[in-house]
Amino acid sequence: SCVYDFVVSSYAPSLSALLRSHQQTSVDISQMSLLAIAQSELPGLARLPGTREECKRIRALAPQAKHTLLENEQGTAERTLAAMRHHSWVHLACHGKQDMIDPTQSAFALFDGPLSLSTLMDTVLENAELAFLSACQTAVGDEKIPEESMHLAAGMLAVGFKGVVATMWSIGDQDAPILVEAYYKRLLELRRAG
């Protein structure tokens, strides 16, 4: 036995984020709408071919759901923010960067440049439900920064998402599709069971 058999690690950076997490959500998978952003090739950054596989596996698990895929050059910061307004679930498969000097500049690497925490925190989404941040360092804080919620995961909660899955470490490109598939498979089983 280990602690993970009994405990789910989570936190809420604000009271409003905690209250939103308890609001009723639709169980009907056909009503689900998923925005997937896959950035497999960005100039100056390591290739991430696994991002395509992640999105393919998610779509296979819920073929009846509404899916939008913004891949590589389609995945600009502006298009991503605009599309987020029309989807309850968002899956970001890309590079992530924690900025220890100015945490508000922590960002997702998108085709036309970074989508920063400061930009995200200027956004409010009404129907946001789940954000899966399949990117490195999306929940990394800094021991020198007393405000532990200054990272991308907390930013997504501030935007309005009821739940956020994020990483406190680097995630291997070959491992991400396996992890993502297992997570969504179990989540969808639970949703179908009500």
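Heavy-atom basis, side chains included; hydrogens, waters and symmetry copies ignored.
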Trainee: Assigning hydrophobic clusters by single linkage (Ile, Leu, Val, Met, Phe, Trp, Tyr; side-chain heavy-atom cutoff under 4.5 Å), is Leu69 placed with Phe132?
Mentor: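 Cluster IDs for Leu69 and Phe132 differ.
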Trainee: Assess, by modelled atom type and distance only, whether the side chains of Glu54 and Ser134 contain a donor and an acceptor separated by less than 3.5 Å.
Mentor: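 Yes - a donor-acceptor pair under 3.5 Å links their side chains.
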Trainee: Nearest 0.5 angstrom please: Lys56 NZ to Glu181 CD, how far?
Mentor: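 Those atoms lie 10.5 Å apart.
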Trainee: To the nearest 0.5 Å, tell me how far Ser40 OG sits from Leu45 CG.
Mentor: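 Going from the OG atom of Ser40 to the CG atom of Leu45 covers 12.0 Å.
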Trainee: Determine, using the 4.5 Å side-chain heavy-atom cutoff (strictly less than), whether Leu152 and Leu125 are members of one ILVMFWY cluster.
Mentor: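 Yes, same cluster.
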Trainee: For a quick test of reading the model, state the closest non-hydrogen atom pair linking Pro114 to Ala77 and the distance between them.
Mentor: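 For Pro114 versus Ala77, the nearest heavy atoms are O-CB, 4.4 Å.
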Trainee: Any side-chain heavy atom of Thr138 sitting closer than 4.5 Å to one from Val165?
Mentor: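 No. Closest side-chain heavy atoms not under 4.5 Å.
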Trainee: Show the numbers, then the answer: is there a side chain to side chain contact (heavy atoms under 4.5 Å, CB included) between Leu133 and His91?
Mentor: CA-CA 6 Å; Leu133 312 181; His91 183 88; over 6 Å; no
Trainee: Please find the pair of heavy atoms, one from His86 and one from Lys66, that lie closest to each other, and give the distance.
Mentor: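 Minimum heavy-atom separation between His86 and Lys66: O-NZ, 3.7 Å.
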Trainee: Just by modelled atom types, is the Thr76 backbone N or O under 3.5 Å from a matching donor or acceptor in the Thr80 side chain?
Mentor: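 Yes: the side chain of Thr80 pairs with the backbone of Thr76.
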Trainee: Between His95 and Ala46 (side chain of the first, backbone of the second, donor and acceptor by atom type, cut-off under 3.5 Å), is there such a pair?
Mentor: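 Judged by distance alone, yes, a pair lies under 3.5 Å.
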Trainee: To the closest 0.5 Å, what do you measure between CD (Glu71) and CZ (Arg52)?
Mentor: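 Those atoms lie 4.5 Å apart.
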Trainee: Sort and list the pairs that fulfil ring pair (Phe, Tyr, Trp, His ring centres under 6.0 Å) and have at least one residue in residues 96-116, not counting sequence neighbours.
Mentor: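 Pairs touching residues 96-116 that pass the test: none.
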Trainee: If the threshold is 4.0 Å, N to carboxylate O, is there a salt bridge linking Glu129 and Arg191?
Mentor: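 Salt bridge present between Glu129 and Arg191.
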Trainee: Applying a strict under-4.5 Å side-chain criterion to I, L, V, M, F, W and Y, I'd like to know whether Val164 and Leu35 cluster together.
Mentor: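 In one cluster: yes.
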Trainee: Do Leu157 and Val159 belong to the same hydrophobic cluster, where Ile, Leu, Val, Met, Phe, Trp and Tyr are linked whenever their side-chain heavy atoms lie under 4.5 Å apart, directly or via other members?
Mentor: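 Same cluster.
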Trainee: With a 4.0 Å cut-off on N to O distance, would you call Arg186 and Glu189 a salt bridge?
Mentor: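 Yes, this pair counts.
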Trainee: With a 3.5 Å distance limit and no angle check, can you tell me whether Gln39 reaches the backbone of Asn72 through a side-chain donor-acceptor pair?
Mentor: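 Between the backbone of Asn72 and the side chain of Gln39 there is a qualifying donor-acceptor contact (under 3.5 Å).
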Trainee: Donor-acceptor pair, Ser116 side chain versus Ser106 backbone, under 3.5 Å?
Mentor: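 It does not hold such a pair.
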Trainee: Tell me whether Glu126 at atom CD has more than 12 heavy atoms from other residues, nucleotides or ligands lying less than 6.0 Å away.
Mentor: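 12 or below, so no.
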Trainee: List the steps, then state whether side chain to side chain contact (heavy atoms under 4.5 Å, CB included) holds for Tyr183 with Leu179.
Mentor: CA-CA 6 Å; Tyr183 175 83; Leu179 176 75; 5.5 Å; no
Trainee: Pairing donors with acceptors under 3.5 angstrom, does anything connect the side chains of Thr68 and His87?
Mentor: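 There is such a pair between these side chains.
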Trainee: Only one of Ile58, Leu61, Val180, Leu190 passes side chain to side chain contact (heavy atoms under 4.5 Å, CB included) with Lys185; say which it is.
Mentor: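 Result: among Ile58, Leu61, Val180, Leu190, Leu61 is the only option passing the side chain to side chain contact (heavy atoms under 4.5 Å, CB included) with Lys185.
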Trainee: Ala93 and Thr51: which non-hydrogen atoms are nearest, and at how many Å?
Mentor: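 Smallest interatomic distance, heavy atoms only, reads O-CG2, 3.4 Å.
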Trainee: Under a 3.5 Å distance rule, please check whether Asp173 uses its side chain to pair with a backbone N or O of Arg47 as donor and acceptor.
Mentor: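 Checked: no pair found.
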Trainee: Shortest non-hydrogen contact from Cys94 to Leu48?
Mentor: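 Of all heavy-atom pairs spanning Cys94 and Leu48, the closest is C-CD1, 3.8 Å.
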Trainee: Kindly compute the distance separating CG (Leu110) from CG (Leu70), expressed to the nearest 0.5 Å.
Mentor: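 Output value for this atom pair is 9.5 Å.
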Trainee: Going through the checks in order, is the side chain to side chain contact (heavy atoms under 4.5 Å, CB included) test met by Leu120 and Met156?
Mentor: CA-CA 7 Å; Leu120 285 168; Met156 297 303 268; 3.8 Å; yes
Trainee: So, does Gln105 use its side chain to make a donor-acceptor pair with the main chain of Asp102 at under 3.5 Å?
Mentor: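 Side chain of Gln105 to backbone of Asp102: no pair is present.
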Trainee: In terms of hydrophobic clustering (I, L, V, M, F, W, Y; side-chain heavy atoms under 4.5 Å; direct or indirect links), are Leu42 and Ile37 co-clustered?
Mentor: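 No, separate clusters.
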Trainee: Go through the steps for Val90 and Leu130 under the test side chain to side chain contact (heavy atoms under 4.5 Å, CB included), then give the verdict.
Mentor: CA-CA 6 Å; Val90 172; Leu130 172 70; over 6 Å; no
Trainee: Take a 6.0 Å sphere around CG of Asn127 and say whether it holds more than 12 heavy atoms from other residues, nucleotides or ligands.
Mentor: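 At most 12 heavy atoms, drawn from other residues, nucleotides or ligands, come within 6.0 Å of this atom.
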Trainee: Keeping His67 on the side-chain end and Ala65 on the backbone end, is there a donor-acceptor pair under 3.5 Å?
Mentor: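 Side chain of His67 to backbone of Ala65: a pair is present.
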Trainee: Has Thr167 got a side-chain atom pairing as donor or acceptor with Ala135's backbone, closer than 3.5 angstrom?
Mentor: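 Judged by distance alone, yes, a pair lies under 3.5 Å.
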Trainee: Under the 3.5 angstrom rule, does the side chain of Ser33 hit a backbone N or O of Ser88 as a donor-acceptor pair?
Mentor: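 Confirmed, Ser33 side chain pairs with Ser88 backbone.
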Trainee: Taking atom CD of Glu73 as the centre, does the number of heavy atoms from other residues, nucleotides or ligands within less than 6.0 Å exceed 12?
Mentor: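 Yes.
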